[in-house]
Q: 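Once you've had a glance at the structure underneath, I'll fire off some questions.
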Amino acid sequence: MYPFQGRNLTLAILRFPGFTMSQFLKRFNSTYIRPLAVTGLLCAMMFGCGRDPEFAPNKLRIKVIETEIGQDLTATELGDVQQAVEEMFGSAEVPKLIEGVEAVSLDRLRQAAGRVYSDEQDVHFGLYRKHCIRCHGTAGDGRGPAARLLSPYPRDFRLGKFKFKSTPQGSKPTADDLARTLRMGIPGTSMPSFSLLRDSEIEALAEYVIYLSARGETERELLNQVSHTLDYSRGDRLIDFDLKTKKPADFDAQFDKLESVAKSNYAKWQVASPPSPKLPTAFPVGVVADVEDSASIDQLQKSVARGRQLFIGNLASCSKCHGEDGSGSTAPKDYDLWTKDWTVAANINPEDKAAIKPMLKAGALKPVPMRPRDLREGVCRGGGSPEDIYLRIVNGIEGTSMPAAALQPNVSEGLTTDQVWDLVNFVLNMPSVASEGKLVTANAESDQGAPQ
Amino acid sequence: MSRYDSAKTSVDDSNAYSKAVHLFAMVLTISVFPLIWVGGLVTTYGAGMAVPDWPGTYGWNMFLYPPSTWLYGGFDLMVEHGHRLLGSLSGVLAIGLLIAALLFEKRRWFKWWCLFVLLAVIAQGVLGGVRVRLDARTFAMIHGCTGQLFLAIATATAVMSSRWWIRARQALENSKNSKTSEVATLARTPATRTLARAATALLLFAYCQVVAGAQLRHVTGGTEPGSFMALVHIHLTLAAVVLIASLLVAALVVRPGRLLGGVRSPGLFILAFVFLQICLGLATWIVNYAVPWQELMPELARYTIQAKGYWESVIVTAHVATGALIVSMATVLCLRSWRSRAVASH
């Protein structure tokens, strides 16, 4: 009675458990359960008791560098970098903080790092593992277990680039920006809102993101140093840990240099919050349907109409990517910074399957083209308030092709701030997917809800 | 030695029914269900290490731990300690079951079975303790899987101590004497065997599905994205397999005049639970990882996951609990269909 001989699968399935009830009972009455338990325990040991692993080296970056320089990095080179990074940042279990860093505090890092537990006073520890690791990964590499199945992929913090912030391109987000992202989540993506956590927990997590990011950037820089500036074959060393006991003074000198790299990566995070954008005086900003008095509605609709002209015009040329209807279908195919970092930047075509294969093996996630937002959905991931959208237009979205708009007076042909607000009004009043084609223009008043 | 002594003659235990034993078995089974809920909540909230020691609670004897701190301290502490207390309740009930069995049960093998049930509760508690003492997620996962297995064991106890089980033979005899003597022949037909086998397959698949689900719930930072994806695919495939098996089972049980009765409602309940479970599964994915196909569902693009939200936690935990219900119902169906067959062909 062999299950799979010439039978279809269903039959095979039905035949498989072909033992009788009394056999079943007998087996349970015997010592059937013991071997089962032993097997379970063995399995548990094989899985390493389910412990979370330590920070792994940035294998992808190493692979990119090796491809660039055409040779493998030696074990000494890699070992020096790993040891130096660990000396400065500690481990996933026990974080360390070098002296003189103000962007983060060790107490908060300790609360966010390490194993998950809470105490009798209901203080929670291991926050990062508890809340973030399944997407963002242990080292914040954006390669948590679930990463492959998500779109967009979870952020890789190690590049130190973030999308949604009040600061211009190239600057880090403020700590408040990070906390805000955590509280609000990112709608339309798998990044959850953590608004139910306590303020102290949000702060600890935000600082841990800063820590992982500084750690990642430092690791990248040190890898660059060993591969490009230092010549190990001529006896150069990034740092020699043997000197620690033999020649402490030399060691300290070497280590200070590395520490200054880490320190400057932390220091980038000390950004002042820019003043929040000022609303225009000439006309209101908002959603037409929300406005009550007819004079304001009229002004608002005129602004929306101007915004539409700008949107499709050459000055702002938003429609180049977002399409005239805001659907985003006209955008040229492009990849985000986190993909370009190991493809285009390393002279690899993200569509060349053979070329990316070794990179995927080293931990890269399959390149997925970035899409401009479908503005008809009426969802802005960085927040839906007029000020948020203003900031997105003025600063662009770092890491994506969404550019920072050219503004007057810096660029003489650029947009005025009022024009940016016109664009904001247009984006806010973009016809939804549901009401396809009904554009809000000054002379289409009847399409809009009249004031009650 | 009486003729009740071996499992083989168990078909002949027509006067072995004991109300006390069955009552304990039923209450035990029912007590395990909330236990699985609360255990599920422990995982959903990541509260497994809200109490650092075991078997004590913050140095207290577990049963003496002051309720004021337990109930008005943190939520995680409440859930974890509550889970332990509920677990000990099941332990007490299992002791009661064993005592009742020693006093009133006539089938000797069943007394042994009740001892096994008690040992299984203890083992389950110890596994939970190991999970805490070693702070190891893998043991949390195993503890979750064996918890569901224990529900199946408790359910089996309830079924095997029931009047239905014990009087099955009598019922068959009666029906033979009455006009509906076709029951006896029916129970011997290949269709009956098909049902028994289908129910067993369903039980096994449903349990494998529980194990796959537990793996997904207990991921650690060490799980490779590729393994996680494979697990998701396995979980989806098994969902389809369980659905097909439950459709088949449902089709088999609704045919008129089947067996001795007692299979129809479990069969239909399973199908209903499987449908519910598939919906809960999709919802679980969405509240954990968001809508996978935003392009196709622009209305859902607005959705932001609320981490540790109330409804989110209810959905995820209900997915676990419904899995347990399916396993439990499949156990009922499986045992009853085999019993019918055994009785008929005896």
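Chain letters run A, B, ... following the sequence lines, proteins first and then strands; every chain starts at 1. Computation of the quantities below employed the complete heavy-atom set of this structure, encompassing side-chain atoms and omitting hydrogens, waters and symmetry-equivalent molecules.
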Q: At a 4.5 Å cut-off on heavy atoms, which part of A:Leu150 comes close to chain B: side chain, backbone, both, or neither?
A: side chain

Q: When only pairs under 4.5 Å are counted, which of A:Ala56, A:Ala92, A:Gly137, A:Gly378 shares the most heavy-atom pairs with chain B?
A: A:Gly378

Q: State, to 0.1 Å, how close A:Gly144 and B:Pro225 come at their nearest heavy-atom pair, and which atoms those are.
A: O-CG, 3.6 Å

Q: Ignoring hydrogens, what is the shortest heavy-atom contact between A:Asp119 and B:Tyr58? Give both atom names and the distance.
A: C-OH, 3.1 Å

Q: With a 4.5 angstrom heavy-atom cut-off, is it the side chain or the backbone of B:Trp285 that approaches chain A, or both, or neither?
A: side chain

Q: For the interface with chain B, which of A:Cys135, A:Ala147, A:Ser195 has the highest count of heavy-atom pairs at distances below 4.5 Å?
A: A:Ser195

Q: Taking side chain as everything from C-beta outward and backbone as N, CA, C, O, which of these in A:Arg143 sits under 4.5 Å from a heavy atom of chain B? Side chain, backbone, both or neither.
A: both

Q: Atom CZ in B:Arg302, atom CD in A:Glu377: separation rounded to 0.5 Å?
A: 8.5 Å

Q: Quick one: are A:Phe194 and B:Lys308 in side-chain contact, heavy atoms under 4.5 Å?
A: no

Q: Just verifying a value: how many Å separate B:Tyr289 OH and A:Arg134 CZ, rounded to the nearest 0.5 Å?
A: 4.5 Å

Q: Would you mind reporting whether B:Thr220 and A:Ile133 have side-chain heavy atoms less than 4.5 Å apart?
A: no

Q: Given that the side chain runs from C-beta out, which part of A:His124 has a heavy atom under 4.5 Å from chain B: side chain, backbone, both or neither?
A: side chain

Q: Name the member of A:Pro187, A:Ala146, A:Pro145, A:Gly384 that forms the most heavy-atom pairs with chain B at distances under 4.5 Å.
A: A:Pro145

Q: So, do A:Met184 and B:Thr304 sit near enough that their side-chain heavy atoms are less than 4.5 Å apart?
A: no

Q: Considering only heavy atoms, which portion of A:Cys380 lies under 4.5 Å from any heavy atom of chain B: side chain, backbone, both, or neither?
A: neither

